[in-house]
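As structure tokens, the structure follows; a few thoughts come after it.
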Amino acid sequence: MPSLFALLDCNNFYVSCERFFNPGLADQPVVVLSNNDGCIIARSNEAKALGIRMGEPYFKCKPLLEYYRVRVFSSNYALYGDMSQRVMEVLGRLEPEVEVYSIDEAFIRLPATGEESLRRLGTEIRGTIRRETGIPVSIGFAPTKTLAKLANRMAKKQVEHGGVFGLLPEHDITAFLKDIGAGEVWGIGSRSAQKLAAHNIRTAYDLSRADERWLKKNLSITGVRTMYELQGISCFPLEEMPQPKHSLACSRSFGAPVRELGEMHEAAVSYVSRAAEKLRAQRLKAGCLTLYLTTNRFRTDQPQYANSRTVSLPCPTADTAELIIQAGRCLKELFREGYVYQKVGVVLSDLLPEHLHQANLFVTPSPHRDTLLQALDRINLRWGKDTLQYASAGFSKQWHHRQERKSPSYTTSWRELPVVRAF
DNA sequence: TCTGGGGTCCTAGGACCC
DNA sequence: TCTGGGGTCCTAGGACCC
């Protein structure tokens, strides 16, 4: 039997997470901000209806938000990550072939049964996830991932479908695609949409019938695959096994401008420490470290500077201390006086599993380091982030990113458990 | 005053080798 | 006058995603 794809997508996911622990937010306009309280990255339907746009800088729409008494939250990734896991666990129990695609989305492969049985299945999955996690989801069915994305959008947009919508071969997919802009298709960003429009390809339907050679030349092979997917020919398979990571990063914009090397060094050490923690949590080592820094590109009135340095490590490592030393050297080379810096970041690459050990003639590994690092991680896991930290990460952290409206980490911190009162 | 963060894939072009 | 050709590997930059 031919197979179909379903895309399950959590509705306004971050807002739904906030609402689950704070029922007073139901029916209220709610938004969630990006890190550093910079931009709007999630909106409730009520907030969308007020015309608040995705990606809008917070400071620009603050008056509007206050006027309409929109409830505003800093992002709380500990909470969202944990809620995501719950949703994916329930889904994994219900369906055998699942690809977790992002924090709030999963693809599912299903046998191509009739529309009615798909609708029943979708409704059942929706109900179970809602009941067991409190998160509302929408589900779209179609012969390819790209079409399932579009079907999902329809499931969300038109409430009469009850959160489940199928874009199946027996339907008139052509008419449907004519109503969709080429730029709304998964994989077609604004740059590609511009190129397509200049070539008079404006709708998803136009794209599905584009000239293959022209597409290959202008949008690369991925554009060609998208074209076939729109025709119902699957080119993106379900990837149940997550691919090993090639890189891992940590960076933050500063909460207050940074001008001095000392402060910059503290921030760099903090992010390197976090990146090294992630590395160890995933049982990886890094062979390469990149440090980069940049001024605020929006402040065109100020002198601009951005630069990066990459070093190969003498021996792949996940040891915070070694990575801090390397990052410190990079920073010394990169830092220039006289600029107002906005951000520093670290990228670890050439990742490999920790058990693959390549010995280095000139480096003697200390047997105690691993034990020490394990102890460090255990203590910070048990007693909270940065209970133990390197002194060079600083203690006052004036540069620390803003996070003024964060909800408690209800599900991941003993100190922040929700409190239930009986009257 | 104030504009996120983390990740992937693809391609062109240069370096290098024989 | 006139100075090869083909293959591989690596990297930077562009574009995309959520």
Looking at [X], does any N or O in its side chain come under 4.0 Å of the phosphate oxygens OP1/OP2 on [N]?
| X | N | answer |
| --- | --- | --- |
| A:Gln243 | B:dG7 | no |
| A:Ser247 | B:dG6 | no |
| A:Arg252 | B:dG6 | yes |
| A:Lys343 | B:dG5 | yes |
| A:Arg299 | B:dC2 | yes |
| A:Lys62 | B:dT3 | no |
| A:Ser251 | B:dG6 | yes |
| A:Ser192 | C:dC16 | yes |
| A:Asn296 | B:dT3 | yes |

Would you indicate what [X] reaches in the nucleic acid, counting non-hydrogen atoms under 4.0 angstrom: base, sugar-phosphate, or nothing?
| X | answer |
| --- | --- |
| A:Arg274 | nothing |
| A:Lys217 | nothing |
| A:Leu248 | sugar-phosphate |
| A:Ile188 | sugar-phosphate |
| A:Ser190 | sugar-phosphate |
| A:Val32 | nothing |
| A:Gln342 | sugar-phosphate |
| A:Tyr58 | nothing |
| A:His401 | nothing |

Considering heavy-atom distances to DNA chain B, does A:Gln282 or A:Gly55 have its closest nucleotide positioned more toward the 5' end?
-> A:Gly55
Starting at the 5' end of DNA chain B, which residue's closest nucleotide do you reach first, A:Arg225 or A:Arg297?
-> A:Arg297
Between [options], which nucleotide has the shortest distance from any of its atoms to the side chain of [X]?
| X | options | answer |
| --- | --- | --- |
| A:Ala249 | B:dG6, B:dC2, B:dG4 | B:dG6 |
| A:Cys250 | C:dC18, B:dG4, B:dG6 | B:dG6 |
| A:Lys149 | C:dC17, B:dC10, B:dG4 | C:dC17 |
| A:Pro57 | B:dT3, B:dC10, B:dG7 | B:dT3 |
| A:Asn35 | B:dG4, C:dC18, B:dG6 | B:dG4 |
| A:Lys278 | B:dT11, B:dG5, B:dG6 | B:dG6 |
| A:Arg402 | B:dG5, B:dC2, C:dC18 | B:dC2 |
| A:Ile221 | B:dC10, B:dG4, C:dC17 | B:dC10 |
| A:Phe59 | B:dC10, B:dT3, B:dC9 | B:dT3 |
| A:Arg191 | B:dG4, C:dA15, B:dT11 | C:dA15 |

Distance check needed: [N] [atom2] versus [X] [atom1], whole Å only.
| X | N | atom1 | atom2 | result |
| --- | --- | --- | --- | --- |
| A:Lys245 | B:dT8 | NZ | P | 7 Å |
| A:Arg405 | B:dG4 | CZ | C1' | 17 Å |
| A:Asp37 | B:dG4 | CG | C1' | 10 Å |
| A:Gln194 | C:dA15 | CD | C1' | 12 Å |
| A:Tyr14 | C:dC18 | OH | P | 12 Å |
| A:Leu8 | C:dC18 | CG | P | 14 Å |
| A:Ile103 | C:dC17 | CD1 | P | 19 Å |
| A:Tyr292 | B:dG7 | OH | P | 10 Å |

Which class fits the ring pair A:Trp214 and A:His199: parallel under 30°, tilted 30 to 60°, perpendicular over 60°?
-> parallel
Assign the ring pair A:Phe165 / A:His161 to parallel, tilted or perpendicular, where the plane angle (0 to 90°) is split at 30° and 60°.
-> tilted
With ring pair (Phe, Tyr, Trp, His ring centres under 6.0 Å) as the test, would you mind laying out the steps for A:Phe5 and A:Trp186 before giving the verdict?
-> CA-CA 15 Å; A:Phe5 291 92; A:Trp186 186 45; 9.7 Å; no
If we take the P atom in both C:dC18 and B:dC2, what is their distance in whole Å?
-> 30 Å
P spacing across the pair B:dT3 / C:dC17, given as an integer number of angstrom = 25 Å
Please lay out, stage by stage, how A:Phe335 and A:Tyr341 fare under the test ring pair (Phe, Tyr, Trp, His ring centres under 6.0 Å).
-> CA-CA 10 Å; A:Phe335 188 85; A:Tyr341 291 95; 5.2 Å; yes
Between the two end axes of the helix from B:dG5-C:dC18 to B:dC18-C:dG5, each built from 5 base pairs, what angle do you get to the nearest 10°?
-> 0°
Measuring from A:Cys17:SG to A:Phe73:CZ, what's the distance to the nearest 0.5 Å?
-> 11.5 Å
Around atom CD of A:Glu260, are there more than 12 heavy atoms of other residues, nucleotides or ligands at under 6.0 Å?
-> no
Is it the case that more than 12 heavy atoms not belonging to A:Arg209 sit under 6.0 Å from its CZ atom?
-> no
Mark yes or no: A:Lys178 above the aromatic ring of A:Tyr205, with NZ or CZ under 6.0 Å from the six-membered ring centre and no more than 45 degrees from the axis.
-> yes
NZ or CZ of A:Lys145 within 45° of A:Phe107 ring axis and under 6.0 Å = yes
Quick one: do A:Glu46 and A:Arg19 make a salt bridge, cutoff under 4.0 Å?
-> yes
Is the closest side-chain heavy-atom distance between A:Val347 and A:Leu289 below 4.5 Å?
-> no
